[in-house]
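In what follows, a single structure is set out as structure tokens and then discussed.
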Amino acid sequence: MLTPAGIARLSVYTAPFYLDMNDFAHARGEDADKFHVGLGQSRMSVLPPDEDIVTLAANAAAPILADMDINRITAVLFATESGIDQSKSAGAFVHGLLGLPSRCRVIELKHACYGGTAALQMAVNMVRVNPQEQILVIAADVARYELGSPGEATQGCGAVAMLVSSQPDLLIIEPGSGYYTEDVMDFWRPNYRDTALVDGKYSTMVYLTALKNAWEHLSQSRQLTYQDFARFCYHLPFTKMAIKAHSRLMKLCGLEADETQLDAVMGHSLAYNRIVGNSYSASLYVGLASLLETDPADLTNQRIGLFSYGSGCVGEFFTALVSPDYRQHLYTGRHQQLLEGRKRLSFTEYLAFYHAFGDVERSGNLELPLHTNGRYRLGAIRAHKRLYVDQQGTSAS
Ligand code: HMG
């Protein structure tokens, strides 16, 4: 019998600034319904120059650590595709900023948006082998496309921190996934670019192919049917993608996809992402937080199906059981305050943030004025070293 392992805490953080899709549509000369209806997005979080994946991650992890003995953390598994260094792990910066114990392992993982799921599954298996492990799984990303490209409307940023342990107060991750890999060029970012390249329409088709194959693998290997699930969460590059995905899944299962059914089984998972945008590796788990925190139904002991997709590509369909009393362990108030408290940027301010990094790559020196109200911020880059600041203390890493 395997030790139950899963998610004990789930904390979300995003930048304290957003661009409204009405302002975006106006500036780009598009019909706003293309974004509201066509993509299912109403806002996108915009990263200020003094935040990056390290500060997003540290700000997401801080509330979890505030409630526990941090010396019990045995590993930090950090998933990202917005890496800030080719060698030093972003997790090492986070480890320093959060004052984690030195008896701890840290690693950065990457496979596009799938990295967060790879980290979660790795952590769950580590806990199954050694129930003493208390692992911080972090997924943090900044979705950045070229200005004026079709992808620009699907930007965003965010991080999730998950405490994975043998006391899964929120969700038990069940053993046995369905998965699918294919070598494709649907979305990629060569090392010399700071914006992603994408074959947009093709990427949505590959997403659905991966979903079909991962579902068939899962349902055949575990004899699961659609009716075994109460809710579904999908990787969310934009919320309409998940609606297309779930309609496809229902069709595969021989069911008619009507709006009421779609809304009931996955509608609540979309609420946060609709106003955050794509956060790549974090996106599925921002959707999971949205489901657990906004669905009025009591999901205790119910099974959730989760589909993770990472371009390139890997798809994994896995399942989780909701723990009793899960609501007592959520950060609902904190998340809703964070999302509602963000500042609306004008289109000009959005462009100024977008261009803020200038020629830092070449000079390696940049002093960053204070923009964020997040606890952790990037203060400067000096001699190619990033200097982070804890605004509630004096520590810089
Ligand atoms: P586009 O060409 O600007 O948009 O690109 P479109 O013309 O296809 O319109 C989008 C939808 O809006 C269409 O609906 C239109 O009909 C509708 P659909 O046919 O798809 O159902 N529309 C309207 N609806 C109402 N009123 C209107 C109106 N006008 C149009 N007036 C695209 C869209 C998603 C391709 C683009 O934004 C893009 O390239 N995004 C980035 C790629 C992406 O997000 N791909 C998703 C799958 S891959 C993935 O999820 C992985 C990823 O997260 C990365 C990773 O793994 O690391 C991206």
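Every number for a ligand or one of its atoms is a count from 1 in the order of the listing.
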Open item on the list: To check your reading of the model: name the closest protein heavy atom to atom 53 (O) of ligand 1, its residue, and the distance in Å.
Closed with: H235 NE2, 2.8 Å
Open item on the list: Could you tell me if the side chain of V46 sits less than 4.5 Å from the side chain of Y354, heavy atoms only?
Closed with: no
Task: Atoms in ligand 1 flagged as close to Y309, the criterion being non-hydrogen separation under 4.0 Å - done: 48 (S), 49 (C), 50 (O), 51 (C)
Task: Spacing of R231 atom CZ and R303 atom CZ [to the nearest 0.5 Å] - done: 14.5 Å
Open item on the list: Only heavy atoms of T154, strictly under 4.0 Å: list the atoms of ligand 1 that pass.
Closed with: 37 (O), 40 (N), 41 (C)
- [ ] Note the single closest protein heavy atom to atom 52 (C) of ligand 1, along with its residue, its atom name and the distance in Å.
- [x] C113 SG, 3.6 Å
Open item on the list: Can you check atom 16 (O) of ligand 1: any protein non-hydrogen atom closer than 4.0 Å?
Closed with: no
Open item on the list: Only heavy atoms of D31, strictly under 4.0 Å: list the atoms of ligand 1 that pass.
Closed with: 31 (N)
Open item on the list: Is the contact between N278 and ligand 1 made by the side chain, the backbone, both, or neither, using heavy atoms and a 4.0 Å cut-off?
Closed with: side chain
Open item on the list: Which residue and atom name correspond to the protein heavy atom nearest atom 5 (O) of ligand 1, and how close is it?
Closed with: P150 CB, 3.9 Å
TODO: Could you tell me whether the side chain of E316 and the main chain of A214 form a donor-acceptor pair under 3.5 Å?
DONE: no
TODO: Mark the output for K240 as yes if a heavy-atom distance to ligand 1 is under 4.0 Å, and as no if none is.
DONE: yes
TODO: Flag the pair R9 / H329 as yes when at least one side-chain heavy-atom distance between them is below 4.5 Å, and no otherwise.
DONE: yes
Open item on the list: Only heavy atoms of E81, strictly under 4.0 Å: list the atoms of ligand 1 that pass.
Closed with: 55 (C), 57 (O)
Open item on the list: Between ligand 1 and Y145, is the shortest N or O to N or O distance under 3.5 Å?
Closed with: no
Task: Identity and distance of the protein heavy atom lying nearest atom 33 (C) of ligand 1 - done: L39 CD2, 4.2 Å
Open item on the list: For Y114, state whether at least one heavy atom is located under 4.0 Å from any atom of ligand 1.
Closed with: no
Task: Side chains of R327 and T332 in contact at under 4.5 Å (non-hydrogen atoms) - done: no
TODO: State the atoms of ligand 1, each with its element, that fall below the 4.0 Å cut-off from a heavy-atom position in A112.
DONE: 55 (C), 56 (O), 57 (O)
TODO: State yes or no: are the ring centers of F307 and Y207 separated by less than 6.0 Å?
DONE: yes
Open item on the list: Taking a cutoff of less than 4.0 Å between a non-hydrogen atom of the residue and any ligand atom, is G310 in contact with ligand 1?
Closed with: yes
- [ ] Would you indicate which of G151, S311, G156 comes nearest to atom 38 (C) of ligand 1 when only heavy atoms are counted?
- [x] G151
Task: Of the listed options G38, A242, P237, closest to atom 46 (C) of ligand 1 (non-hydrogen atoms) - done: P237
Task: Residues T372 and E51: side-chain donor-acceptor under 3.5 angstrom - done: yes
Open item on the list: Return the closest protein heavy atom for atom 2 (O) of ligand 1 as residue, atom name and distance.
Closed with: K201 NZ, 3.2 Å
- [ ] Evaluate the side-chain proximity of I64 to M162: yes if any heavy-atom separation is below 4.5 Å, no if none is.
- [x] no
TODO: May I ask you to check whether Y350 and F347 place their ring centers less than 6.0 Å from one another?
DONE: yes
Task: For ligand 1, the portion of V198 having any non-hydrogen atom under 4.0 Å away - done: side chain
Task: Test item: side-chain donor near acceptor, D141 and S279, under 3.5 Å - done: no
Open item on the list: Any nitrogen or oxygen of K244, side chain or backbone, less than 3.5 Å from one on ligand 1?
Closed with: yes
- [ ] Could you tell me which atoms of ligand 1, counted from 1 in the order shown, lie closer than 4.0 angstrom to a heavy atom of F238?
- [x] 34 (C), 44 (O), 46 (C)
TODO: Determine if the distance from atom 13 (C) of ligand 1 to the closest protein heavy atom is below 4.0 Å.
DONE: no
- [ ] List every atom of ligand 1 that sits less than 4.0 Å from any heavy atom of Y207, numbering the atoms from 1 in the order shown and giving each element.
- [x] 50 (O)
- [ ] Would you tell me which option among S308, S203, C313, G200 has the nearest heavy-atom contact to atom 35 (C) of ligand 1?
- [x] G200
Open item on the list: Heavy atom to atom 23 (C) of ligand 1, shortest distance: which of E30, K34, M241 holds it?
Closed with: K34
TODO: Could you check whether the rings of Y226 and H246 sit parallel, tilted or perpendicular, using 30° and 60° as the cut-offs?
DONE: tilted
Open item on the list: Can you see whether S363 engages N365 through a side-chain donor-acceptor pair at a distance of less than 3.5 angstrom?
Closed with: no
TODO: Verify, without hydrogens or angle tests, whether D263 (side chain) and E259 (backbone) share a donor-acceptor contact under 3.5 angstrom.
DONE: no
- [ ] Considering the heavy atoms of D33, write down every atom of ligand 1 situated less than 4.0 Å from one of them.
- [x] 24 (N), 25 (C), 26 (N), 27 (C)
Open item on the list: For F187, run the ring-ring contact (aromatic ring centres under 6.0 Å, His included) check against Y280, Y202, Y114 and tell me which one passes.
Closed with: Y280
Open item on the list: I want to check something: taking the side chain as every heavy atom from C-beta on, are I173 and F318 in contact at a cut-off of under 4.5 Å?
Closed with: yes
